Enquirer: 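I have a structure I would like to understand better, so I am pasting it below and will then ask my questions one at a time.
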Amino acid sequence: MIRLRLYTTLGCHLCEQLEALLVTLAAEAYHLEEVEISEDVALVERYGMRIPVLADEAGEELDRGFEAPRLADWLRERGWLDEGAWQVLQRQLGGAAEPGSVKGATRRGGRRYLG
């Protein structure tokens, strides 16, 4: 079983987004330990502007894991990515699962327009 740690805080919507992506993209069962950073000054200093931060057992961290491509790459590097689920998610996101992409949005002249 994969053991992961999520540095988070109460009401973190990006943390919830990361958790939802993890449920979808993880190829293996995992245990997710949530660490509440607001209860520790040192953790707030280290992670306050970076959450959500996902860490594996070796302590290697992923910032901004709520961005699907970043999480997929991080999981793939460890052999934990469900490639089929990732392909489905990319199609759902319009094929270009870029950070900040919105379904139904188009890019013209470097700007994003909602459809």
Side-chain angles (χ1 to χ4, degrees):
M1 176 177 285
I2 302 168
R3 301 189 65 73
L4 301 170
R5 180 173 290 143
L6 176 63
Y7 293 94
T8 185
T9 194
L10 184 64
C12 174
H13 69 283
L14 297 175
C15 301
E16 293 171 5
Q17 187 173 335
L18 183 148
E19 287 185 66
L21 285 170
L22 192 57
V23 166
T24 301
L25 297 177
E28 299 180 33
Y30 61 89
H31 171 75
L32 184 63
E33 174 191 358
E34 293 187 18
V35 178
E36 173 58 53
I37 68 166
S38 68
E39 299 170 359
D40 184 314
V41 173
L43 290 177
V44 169
E45 287 179 13
R46 181 173 179 180
Y47 296 109
M49 299 302 290
R50 296 173 47 208
I51 63 169
V53 175
L54 189 62
D56 63 14
E57 286 183 286
E60 293 187 36
E61 298 177 348
L62 170 68
D63 293 358
R64 296 188 327 268
F66 59 88
E67 296 173 355
R70 291 178 54 75
L71 179 59
D73 288 344
W74 193 81
L75 292 171
R76 183 180 292 117
E77 289 172 4
R78 289 154 181 77
W80 300 337
L81 178 64
D82 180 334
E83 293 286 352
W86 175 228
Q87 290 174 4
V88 169
L89 182 59
Q90 285 179 301
R91 284 192 298 272
Q92 291 173 345
L93 294 172
E98 65 182 78
S101 66
V102 176
K103 189 173 183 176
T106 59
R107 286 199 178 270
R108 291 190 305 262
R111 293 184 176 217
R112 186 175 64 183
Y113 296 90
L114 298 177

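Since we're looking at a predicted model, the values are computed, not measured. Residue numbers start at 1 and run along the sequence shown.
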Enquirer: Applying the side chain to side chain contact (heavy atoms under 4.5 Å, CB included) criterion to Y7, which one of L43, D63, L54 satisfies it?
Expert: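 When side chain to side chain contact (heavy atoms under 4.5 Å, CB included) is applied between Y7 and each of L43, D63, L54, only L43 qualifies.
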Enquirer: Any idea which heavy atoms bring C15 and T8 closest together, and the distance?
Expert: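 Reported closest heavy-atom pair: SG-OG1, 3.0 Å.
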Enquirer: What is the distance from atom CD of E39 to atom CG of L10, rounded to the nearest 0.5 Å?
Expert: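 Answer for the CD-CG pair, E39 versus L10, is 9.5 Å.
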Enquirer: Restricting to non-hydrogen atoms, name the atom on A85 and the atom on T24 that form the minimum distance, rounded to 0.1 Å.
Expert: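 The pair with the smallest heavy-atom distance is CB-O, 3.3 Å.
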Enquirer: Answer with yes or no whether the hydrophobic clustering places V23 together with W86; edges join I, L, V, M, F, W, Y residues whose side-chain heavy atoms lie under 4.5 Å apart.
Expert: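 As far as the 4.5 Å side-chain criterion goes, W86 and V23 are connected within one cluster.
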Enquirer: Is the side chain of R78 donor-acceptor paired with the backbone N or O of W74 at a distance under 3.5 Å, no angle test?
Expert: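 Side chain of R78 to backbone of W74, a donor-acceptor pair under 3.5 Å: yes, one is there.
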Enquirer: Of all the heavy-atom pairs spanning W80 and E28, show the shortest one and how long it is.
Expert: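 Minimum heavy-atom contact is CD1-OE2, 3.7 Å.
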Enquirer: Could you tell me if the side chain of L14 sits less than 4.5 Å from the side chain of P52, heavy atoms only?
Expert: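 Side chain of P52 against side chain of L14, heavy atoms only: contact under 4.5 Å found.
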Enquirer: Find the distance between CE (M1) and OH (Y30) and round it off to the nearest 0.5 Å.
Expert: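 So the gap between those two atoms works out to 10.0 Å.
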Enquirer: Which pair of non-hydrogen atoms, one from L21 and one from G65, has the smallest distance, and what is that distance?
Expert: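 Residues L21 and G65, closest heavy atoms: CD1-O, 4.0 Å.
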Enquirer: Which atom names give the shortest non-hydrogen contact between R70 and E67, and what distance separates them?
Expert: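 In this case the closest contact between R70 and E67 is CD-OE1, 2.7 Å.
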Enquirer: From the options E33, E34, H31, select the one residue that forms a side chain to side chain donor-acceptor pair (under 3.5 Å) with R5.
Expert: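 Going through E33, E34, H31 one by one, the side chain to side chain donor-acceptor pair (under 3.5 Å) with R5 is satisfied by E33 alone.
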Enquirer: Say whether, by atom type as modelled, one donor and one acceptor occur between the side chain of E61 and the main chain of V53 under 3.5 angstrom.
Expert: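 A pair under 3.5 Å: no.
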Enquirer: Give a yes or no on whether a salt bridge exists between D73 and R76, defined as a side-chain N under 4.0 angstrom from a carboxylate O.
Expert: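 A salt bridge is present here (some side-chain N lies under 4.0 Å from a carboxylate O).
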Enquirer: For T9 and E36, test the side chains for any donor-to-acceptor distance below 3.5 angstrom and give the result as yes or no.
Expert: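 The answer is yes; a qualifying pair exists.
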Enquirer: Using the rule that two of Ile, Leu, Val, Met, Phe, Trp, Tyr join whenever any of their side-chain heavy atoms come within less than 4.5 Å, decide whether L75 and L32 are in one cluster.
Expert: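 Same cluster: L75 reaches L32 through Ile, Leu, Val, Met, Phe, Trp or Tyr contacts under 4.5 Å.
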Enquirer: Answer yes if I37 and L6 sit in the same cluster of Ile, Leu, Val, Met, Phe, Trp and Tyr residues linked by side chain heavy atoms under 4.5 Å apart, and no otherwise.
Expert: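 No, it is not one cluster - the side chains of I37 and L6 are not joined through contacts under 4.5 Å.
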Enquirer: Does L22 share a hydrophobic cluster with L93, counting links as ILVMFWY side-chain heavy atoms below 4.5 Å and allowing steps through other members?
Expert: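 Result: yes, single cluster for both.
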Enquirer: Is there a side-chain contact between I51 and F66, using heavy atoms and a 4.5 Å cut-off?
Expert: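 No, side chains not in contact.
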Enquirer: Grouping I, L, V, M, F, W and Y whenever their side-chain heavy atoms are under 4.5 Å apart, do L71 and Y47 come out in a common cluster?
Expert: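 Not linked; separate clusters.
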